[in-house]
Number of protein chains: 2
Amino acid sequence: MDGRFKLDNQLCFRLYTASRLITQAYHPLLSEHGLTYPQYLVLMVLWEKDAQPVNDIAKRLMLETNTVTPLLKRMEAEGILTRVKGEKDARQMIVRLTRKGHGLQTKLMNVPEAVGSAVLCESITPETVPGLFGMLDDIINQLNDKHKTN
Amino acid sequence: MDGRFKLDNQLCFRLYTASRLITQAYHPLLSEHGLTYPQYLVLMVLWEKDAQPVNDIAKRLMLETNTVTPLLKRMEAEGILTRVKGEKDARQMIVRLTRKGHGLQTKLMNVPEAVGSAVLCESITPETVPGLFGMLDDIINQLNDKHKTN
DNA sequence: TATATTTGTATCGCGAACGATATAAATAAT
DNA sequence: ATTATTTATATCGTTCGCGATACAAATATA
């Protein structure tokens with residue numbers, strides 16, 4: 001065979017593995033506060049802008065609502081946020097952080113730094129990260145556009 | 001807040017999203033043959049070297065056996081591979097491709113090329129890919145070493 | 001040889017992801 | 001105003017991913 005099926009030639013496998021391993025690096029820091037990594041992503045979205053409908057959160061995270069809805073329900077059960085029907089549009093569910101949800105921001109203050117330093121290495125430095133971000137953003141936009149077209 | 005929690009500054013979120021979107025790009029090509037992306041990864045491992053114990057497959061994919069075992073059982077149920085107790089070590093389960101499993105390689109011949117071209121864009125070209133691979137490999141090795149140390 | 005430890009795999013439970021589908025509310029078309 | 005379509009969210013079923021745990025076979029130790 002000509003190497004097209006060699007694992008070592010696969011971009012997706014690298015992304016998949018790197019994603020899993022960084023998520024694992026977050027795990028001890030987040031589980032300490034009863035959070036998962038996707039829940040932490042939801043928090044970052046709501047810390048940026050509170051009181052958003054489910055759809056806006058899903059779009060920001062590029063996830064489907066059938067992934068986000070159960071995620072939000074679990075966070076609601078933990079007392080991190082509330083979900084209330086929209087007033088001007090009764091189909092929407094507006095998601096708002098509770099005091100506990102806001103408070104987590106302070107408690108997690110050191111997490112980005114901790115994970116960031118764990119990832120630093122030969123080729124991942126403050127100088128090279130922007131280039132990496134650019135490539136990943138290109139991949140994401142490329143595939144996202146293609147998905148919307150089809 | 002100082003931007004440390006901004007989604008746009010997060011490496012992990014980009015890896016997580018890029019990984020999901022590429023996996024989605026594989027989906028129509030693989031589901032046509034009754035496969036998922038992780039199952040495709042297992043196939044690539046076994047096409048490279050048939051007749052491996054569960055542990056070797058898991059290590060190659062950097063997954064735990066409690067992820068791989070059910071995955072292999074589903075593939076066995078589909079007639080893609082067989083699992084038989086090792087002869088020299090009765091604890092091992094040796095995984096072997098069936099004729100169907102081997103045959104899938106021919107049927108999926110065009111998949112790498114199709115996904116590859118879907119990802120090609122401004123900053124992802126045959127010239128830039130090696131650099132991206134290097135950075136991702138560094139991240140993976142860095143986190144993998146750290147994990148084994150702790 | 002008997003006992004302890006390590007190793008390879010599997011089971012269990014939970015939280016994602018996501019395709020397919022359903023439902024109600026809002027909007028557009030007739 | 002009725003009917004049709006779109007939109008926002010939710011439900012269901014299947015497959016991962018993984019921490020915790022179990023268990024038997026192999027190896028090391030006493």
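Order of the sequence lines fixes the chain letters, A, B, ..., with proteins taken first and strands second; residue numbering starts at 1 for each chain.
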Over how many whole Å does the gap from [X] atom [atom1] to [N] atom [atom2] extend?
X: B/D89; N: C/dT6; atom1: CG; atom2: P; value: 17 Å
X: A/N55; N: D/dT6; atom1: CG; atom2: P; value: 16 Å
X: B/L61; N: C/dT9; atom1: CG; atom2: P; value: 14 Å
X: A/I22; N: D/dC18; atom1: CD1; atom2: P; value: 13 Å
X: A/L21; N: D/dG19; atom1: CG; atom2: P; value: 11 Å
X: A/Y26; N: D/dC18; atom1: OH; atom2: C1'; value: 19 Å
X: B/L143; N: D/dC18; atom1: CG; atom2: P; value: 13 Å
X: A/Q52; N: D/dT9; atom1: CD; atom2: P; value: 11 Å

Inset, instruction - Examine A/R14 relative to A/Y16 and say whether NZ or CZ is less than 6.0 Å from the centre of the six-membered ring and inside a 45° cone about the ring axis. - result: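 Output no; distance or angle outside limits.
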Inset, instruction - Would you kindly compare B/K88 and A/H27 by the position of their nearest DNA chain D nucleotide and give the one closer to the 5′ end? - result: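 First, find each residue's nearest nucleotide; the 5'-ward one identifies A/H27.
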Legend entry - Residue mapping more 5' on DNA chain C - nearest nucleotide basis, B/K59 or A/A90: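 Residue closer to the 5' terminus by nearest nucleotide: B/K59.
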Inset, instruction - Classify every nucleotide of nucleotides 10-17 of chain C by which part a protein heavy atom approaches to under 4.0 Å, writing B for the base, S for the sugar-phosphate alone and - for neither, in 5'-to-3' order. - result: BB---SSB
Inset, instruction - Find out whether B/Q39 and B/L71 are in side-chain contact, i.e. whether some heavy atom of one side chain is under 4.5 Å from a heavy atom of the other. - result: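 In short, these two side chains touch, coming nearer than 4.5 Å.
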Inset, instruction - Taking the side chain as every heavy atom from C-beta outward, state whether A/D8 and B/F133 have any pair of such atoms under 4.5 Å apart. - result: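 They are not in side-chain contact.
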Legend entry - Heavy-atom pair of closest approach, residues B/L108 and B/H33: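 Scanning both residues, the minimum pair turns out to be CD2-CD2, 3.4 Å.
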Inset, instruction - Can you check whether any acceptor in the base of D/dT7 is under 3.5 Å from a donor in the side chain of A/R91, or vice versa? - result: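 Donor-acceptor pair under 3.5 Å: yes.
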Inset, instruction - Please work out whether the ring planes of A/Y37 and A/Y26 are parallel, tilted or perpendicular, with thresholds of 30° and 60°. - result: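 It falls in the tilted class, 30° to 60°.
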Legend entry - Short N-O contact, B/K107 and B/E32, less than 4.0 angstrom: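 No salt bridge links B/K107 with B/E32.
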Inset, instruction - Decide yes or no on side-chain contact (heavy atoms from CB on, under 4.5 Å) for A/Q52 and A/V95, but give the supporting numbers first. - result: CA-CA 5 Å; A/Q52 297 193 50; A/V95 181; 5.7 Å; no
